[in-house]
Structure formats: C-alpha cells, structure tokens
Amino acid sequence: MPAAARKTVVVIGAGPGLGMSIAHRFGREGYAVALVSRSDARHAGYVASLAEAGVEAAAFVADVRDRGQAAAALDAIGERFGAIDVLYYGPGATTLDAAPAPITSITSGDVQEAMGLVYPAVDLVGRVLPGMVERGEGGLLFAGGLSAVVPMPALGGLAVSSAALRNYSLTLNTALAGQGVYAGSLIIGGLVERGTSTRTWSPSPSGSGTWASGPSTRT
C-alpha cells in the first residue's frame, strides 16, 4: 500500500492471543501495526510473524500504567509511523495470585486497584483523539470481559472496572457522533486461545464460578 494511503493501528497489550489476532486482522486490511507491551521478550517473533504476512510492524515497550512510559511509546510510534488512525486498548490484567473479594466484601481500595487499567485508557485517548478529530476519522477500540455486561458478583472490583471501561467507550462514541471517529467495546466472554498463562475465571450463568490456572481469559 502506498505510504500516503497507509494507516496505522496501535495495539496496546500485544500478546500471543487476542493482541496478535487484532494485529493480523488490521494488517490484512493494509494497516501498519505498532505493538505495545510491558516486555520485549516476544517482540521479535511478533514482528516476524506480521512481516511474513506482508504487514509492516514495529514493537515498543511500555507499561501503560506508567504515564511517562505510555507517552514515550506514543511519541516513538508517531515518529516511526506518523498519525495514529486506530487505537486498540487491551492490556491484560496483572496475574491474580488469589481470587478477588466478592462484590459484597470489596473495599474502595479494591475498586481503585481494579481501575488501574482503566485510567491509562483515558490518558491514551487524550493523546490520540485530538488528531483523529482534526482529520475527521479514526477509531478507538477497548477490549473487555463479560462482566462488563453480565452481573458476576464473585469478580468484585474487576466487574466494576470492566463495566466502567465499556461505559467510557459508549459515552465517548456518543460524544463523537458526526465527527468521523468511532469508539467501541470488544467484549470477550470466554477463553482466549494462545493467551498468556494466568489465573483464569470460569463463569457460570448465575455469576458464580471457579478460578484455575490456564490460558488467559477476560473477566
């Protein structure tokens, strides 16, 4: 694709499962791909995989919970690719060593900790949205878990943060109506194949469930 026509997607939370699936999907549509994750341990393989598919890509290291690192990554991406056309936000939650407190037992501290991956989304949007609005086109996509739309009391603060991120995207989309910029949620209600190994949640229809070790899942 000619450089003038090429668009760029930033994949926040580049992992072997959902993150790379998003990267390849946009790559097939002609997008250049900027991958962002906390570690560069797998970056070479990710970039090589995309290159084999004919996708221009580069990888960047940043923990989005660190504002300085997140800002530096976006600056570096801008220098490498130019304007950011789509921002995909899907960083995985920190691995849980134990099941969270249920909703009837949580404290404000539990909620604040769970919201730790929601606040960076707002900061990142604040940096890329003005350019999208000025150009009159762009996309903001936020990955979330089933607890964003289905009550799951056992997830406690995680359910609060998941719902908050979804509501943020819906409200953004309403505010951006008519400006050429779309904001939306990608709700994942099951196991993510090839995902990073973490402590995972297996829900039941009643909102209860069990925790086990295995591939990553969205809560």
Same cluster or not: are Ile187 and Leu155 linked, directly or through other Ile, Leu, Val, Met, Phe, Trp or Tyr residues, by side-chain heavy atoms under 4.5 angstrom apart?
yes

So Met152 and Ser162, side-chain contact (heavy atoms from CB on, under 4.5 Å) or not? Walk me through it.
CA-CA 11 Å; Met152 293 184 173; Ser162 186; over 6 Å; no

Nearest heavy-atom pair of Leu141 and Ser185: which atoms, and what distance?
CD1-C, 4.2 Å

Side chains of Leu140 and Asn173, heavy atoms from C-beta outward: is any pair under 4.5 Å?
no

Identify whether Tyr182 and Leu172 are in the same connected component of the hydrophobic contact network (ILVMFWY, side-chain heavy atoms under 4.5 Å).
no

Does Arg6 use its side chain to pair, donor to acceptor, with the backbone of Phe81 at less than 3.5 Å?
yes

So which heavy atom on Ser147 is nearest to which on Ala159, and how close?
OG-CA, 3.7 Å

Residues passing the ring pair (Phe, Tyr, Trp, His ring centres under 6.0 Å) test with Tyr168, sequence neighbours excluded, are Phe142

Residues in side-chain hydrogen bond (donor to acceptor under 3.5 Å, both in side chains) contact with Asp85, at least two apart in sequence or another chain:
none

Please list, chain by chain and in numerical order, all residues satisfying side-chain hydrogen bond (donor to acceptor under 3.5 Å, both in side chains) with Asp75, sequence neighbours excluded.
Arg127

Using 0.5 Å steps for rounding, measure from the CG atom of Leu146 to the CD1 atom of Ile188.
10.0 Å

Any heavy-atom pair between the side chains of Pro16 and Tyr46 that's under 4.5 Å?
yes

Mind listing the closest non-hydrogen atom pair of Leu35 and Ala14 along with its distance?
CB-CB, 3.8 Å

To the nearest 0.5 angstrom, please state how far the CZ atom of Arg166 sits from the CG atom of Leu186.
12.0 Å

So, are Glu137 and Lys7 salt-bridged, with charged N and O less than 4.0 Å apart?
yes

Please determine whether side-chain contact (heavy atoms from CB on, under 4.5 Å) holds for the pair Val36 and Ile77, giving the CA-CA distance in whole Å, both sets of side-chain angles, and the decisive distance to 0.1 Å.
CA-CA 10 Å; Val36 180; Ile77 290 167; 3.8 Å; yes

side-chain contact (heavy atoms from CB on, under 4.5 Å) between Tyr31 and Val86, intermediate numbers included
CA-CA 9 Å; Tyr31 283 74; Val86 176; 3.8 Å; yes

Tell me whether Arg25 contacts the main-chain N or O of Ser21 through its side chain, where contact means a donor paired with an acceptor under 3.5 Å.
no

Checking Asp66 now: which residues fulfil salt bridge (Lys or Arg N to Asp or Glu O under 4.0 Å) with it, not counting sequence neighbours?
none

OG/Ser39 to CG/Asp63 distance, rounded to the nearest 0.5 angstrom?
11.0 Å

Does any non-hydrogen side-chain atom of Arg80 lie less than 4.5 Å from one of Glu56?
yes

Hydrophobic cluster membership, with links at side-chain heavy-atom distances under 4.5 Å among I/L/V/M/F/W/Y: are Val10 and Val133 in one?
yes

What pair of heavy atoms forms the shortest contact from Ala23 to Val33, and how long is it?
O-CG2, 3.6 Å

Under the rule for side-chain hydrogen bond (donor to acceptor under 3.5 Å, both in side chains), what residues qualify as partners of Thr171, not counting sequence neighbours?
none

Does the side-chain contact (heavy atoms from CB on, under 4.5 Å) test come out yes or no for Val64 and Arg38, once each step is laid out?
CA-CA 8 Å; Val64 294; Arg38 290 189 290 260; over 6 Å; no

Would you call Pro91 and Arg65 a side-chain contact if the rule is heavy atoms closer than 4.5 Å?
no

Val149 reachable from Leu158 in the ILVMFWY side-chain graph, under 4.5 Å edges
yes

Would you tabulate the side-chain donor-acceptor contacts of residues 108-124 under 3.5 Å, counting partners in other chains and residues two or more places apart, or write 'none'?
from, atom 1, to, atom 2, distance (Å)
Asp110, OD2, Thr107, N, 2.9
Asp110, OD2, Thr107, OG1, 3.3
Asp123, OD2, Arg67, NE, 2.9

Spacing of CD1 belonging to Ile12 relative to CZ belonging to Phe60, to within rounding of 0.5 Å:
10.5 Å

Could you measure the distance from the CG atom of Leu176 to the CG atom of Leu129? Nearest 0.5 Å is fine.
5.5 Å

About how many Å separate CE of Met132 and CD of Gln179, when rounded to the nearest 0.5 Å?
12.5 Å

